[in-house]
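Only one structure is covered here, and it is reproduced in the block below.
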Amino acid sequence: MKKEFLDLGKQPIANKFLDDNEFDNEFFFHLKAVFDEDTNLVSLNEFVKPELMFNEDYAYHASMSETMKSHFKLLAEDLQKTYKPINVLEIGSNDGIFIRHFNPDTTTAVEPCGNFAKMTNDMDYKTYPEFWTSKLSSLIKQEHGTMDLIYAANCICHVHDLDDTFTAVKNLLSEDGIFVFEDPSLLRMMERGSYDQLYDEHAHIFSVTALSNLLDRNGLEIFRVDNLTVHGGSNRIYAKLKSNRYQPVESSYYQHIDEEKSFGLDRYETYEMFAERIKKSKKDLVSLLKRLKLEGKKVIAYGAASKATTVFNYCGIDESLVEYITDTTPSKIGKYQPGTHIPIVSPDDGFDESVDVAYLGAWNFRTEIMNKETSYLTRGGKFITHVPEVMMFS
Ligand code: JHZ
């Protein structure tokens with residue numbers, strides 16, 4: 001049975017950055033999170049139509065961060081060395097940040113956002129500009145054969161129908177092939193109070209426990225789990241066909257299951273407590289921003305992340321509290337944040353001497369940003385985050 005635990009109010013499409021003539025027709029939905037007591041899966045109560053989120057205008061470029069570029073390079077090297085895959089498929093290949101490390105002759109991509117599918121096709125990777133389904137998986141099998149490695153980063157948690165997704169993977173894997181995917185970790189979200197992992201694209205936030213249940217009923221089995229620091233704490237799951245006895249199940253899998261149980265991820269009460277903590281986080285953030293405003297400080301936001309869309313819309317933060325948001329992504333600059341309509345400017349134009357305090361929208365890149373912005377910090381500039389609690393720091 002699914003039980004609702006968190007209500008984040010009216011929310012827009014988190015990555016649909018707007019022109020000023022698009023404000024009137026903006027799409028909103030009611031963002032609530034539910035916990036399924038049968039599978040332990042945490043999901044949104046209402047799913048947004050995929051075409052509204054993933055299309056020609058999709059704004060998130062994974063390669064905007066040096067941290068992510070090196071993350072995917074290291075992973076590609078490790079997978080090649082450890083598992084020696086020949087035929088490789090990536091689901092949700094974005095701007096090619098991962099597949100660029102593989103041979104185009106034996107690597108296939110699936111990417112429903114037309115802008116990015118074109119980019120990887122131009123890099124000579126055969127890219128299917130479609131959503132991942134069983135039907136597409138059968139077509140790829142006919143055209144390219146089975147896959148030794150199927151990989152997906154920050155993509156499987158976007159998918160509504162997980163049974164179809166996993167069956168589609170199972171049907172395309174070679175006998176000793178592996179399915180590796182990484183998404184934000186539910187345990188880290190709950191520990192850190194990072195409720196902004198919840199937005200339209202993140203239809204689910206996964207625990208290893210829930211994934212184990214869902215993969216199992218679709219003929220797949222987890223054999224290894226890596227704990228990742230990226231994107232606020234993620235899990236990388238390694239799965240195989242249940243019929244494949246070659247890969248032993250490693251201790252990392254059991255450790256994650258135990259850790260989740262000790263935290264109480266299998267109990268509804270844990271989620272109720274989380275919801276109380278989030279209400280407090282909202283109050284604390286709004287009162288801090290109001291105080292800074294009264295003190296005459298210039299407050300902006302740093303990083304127009306999707307996560308910041310959730311926070312600002314949930315907390316009712318607008319231009320009166322945060323003047324503008326700086327972001328390095330060319331397609332976001334000159335546009336407005338979904339829902340709040342706070343302007344987005346390039347850091348070259350907006351991250352200057354006049355800024356006193358910056359809310360860290362991209363809090364998951366805190367180390368990268370702190371290392372980069374030493375002159376801001378030296379002259380007394382401060383950052384704000386809400387993770388794990390609302391605080392100002394420098
Ligand atoms: P970032 C997206 O989430 C969407 P978002 C998606 N659903 C998902 O799961 C994760 O990615 C993986 C900017 N920035 O990466 C770039 C600076 O301006 O946390 C980005 O716009 N300066 C697929 O959108 C934003 O911040 C910098 O120095 O929450 C960060 O967005 C850095 C490092 C980033 O993803």
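Order of listing sets the numbers, starting from 1, for every ligand and every atom in it.
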OG on Ser65 to NE2 on His71, rounded to 0.5 Å: 10.0 Å
Any idea which atoms of ligand 1 are less than 4.0 Å away from a heavy-atom of Lys332? 20 (C), 21 (O)
pair Asn171-Ser138: side-chain heavy atoms closer than 4.5 Å: no
Heavy-atom check, side chain of Tyr151 versus side chain of Phe72, under 4.5 Å: yes
For atom 14 (N) of ligand 1, what is the closest protein heavy atom, and at what distance to 0.1 Å? Thr328 OG1, 3.8 Å
side-chain contact (heavy atoms from CB on, under 4.5 Å) evaluation trace for Lys332 with Ile325: CA-CA 10 Å; Lys332 294 184 186 179; Ile325 307 172; over 6 Å; no
Numbering the atoms of ligand 1 from 1, which are under 4.0 Å from a heavy atom of Ala362? 26 (O), 30 (C)
Please identify which atoms of ligand 1 are closer than 4.0 Å to at least one heavy atom of Gly303. 26 (O)
Determine, considering heavy atoms only, which of Phe17, Phe365, Tyr58, Tyr60 sits nearest to atom 35 (O) of ligand 1. Tyr60
Between the CG atom in Asp327 and the OH atom in Tyr302, the distance rounded to the nearest 0.5 Å is 9.0 Å
For atom 20 (C) of ligand 1, what is the closest protein heavy atom, and at what distance to 0.1 Å? Asp327 OD2, 3.5 Å
Atoms of ligand 1 close to Glu201 [distance to a heavy atom under 4.0 angstrom, numbered from 1]: 4 (C), 6 (C), 7 (N), 23 (C)
With the side chain counted from C-beta on, respond yes when His30 and Asp7 share a heavy-atom pair under 4.5 Å apart, and no when they do not. yes
Ligand-side contact atoms (ligand 1) for residue partner Lys372, heavy atom cut-off under 4.0 Å: 22 (N), 27 (C), 28 (O)
Ion pair present between Lys16 and Glu22, side-chain N to carboxylate O less than 4.0 angstrom? yes
Could you tell me whether the side chain of Leu149 reaches within less than 4.5 Å of the side chain of Phe102, counting heavy atoms only? yes
Interfacing atoms of ligand 1 (cut-off 4.0 Å, heavy-atom, Tyr199): 2 (C), 3 (O), 4 (C), 6 (C), 7 (N), 8 (C), 9 (O)
What are the atoms of ligand 1, with element, lying closer than 4.0 Å to any heavy atom of His202? 7 (N), 8 (C), 9 (O)
Polar-atom distance check: His158 versus ligand 1, any N or O pair below 3.5 Å? yes
For ligand 1, which atoms have a heavy atom of Asn154 less than 4.0 angstrom away? 9 (O), 12 (C)
Between Glu368 and ligand 1, is there a nitrogen or oxygen pair with a distance under 3.5 Å? no
Salt-bridged, Glu276 to Lys280, with N to O below 4.0 Å? no
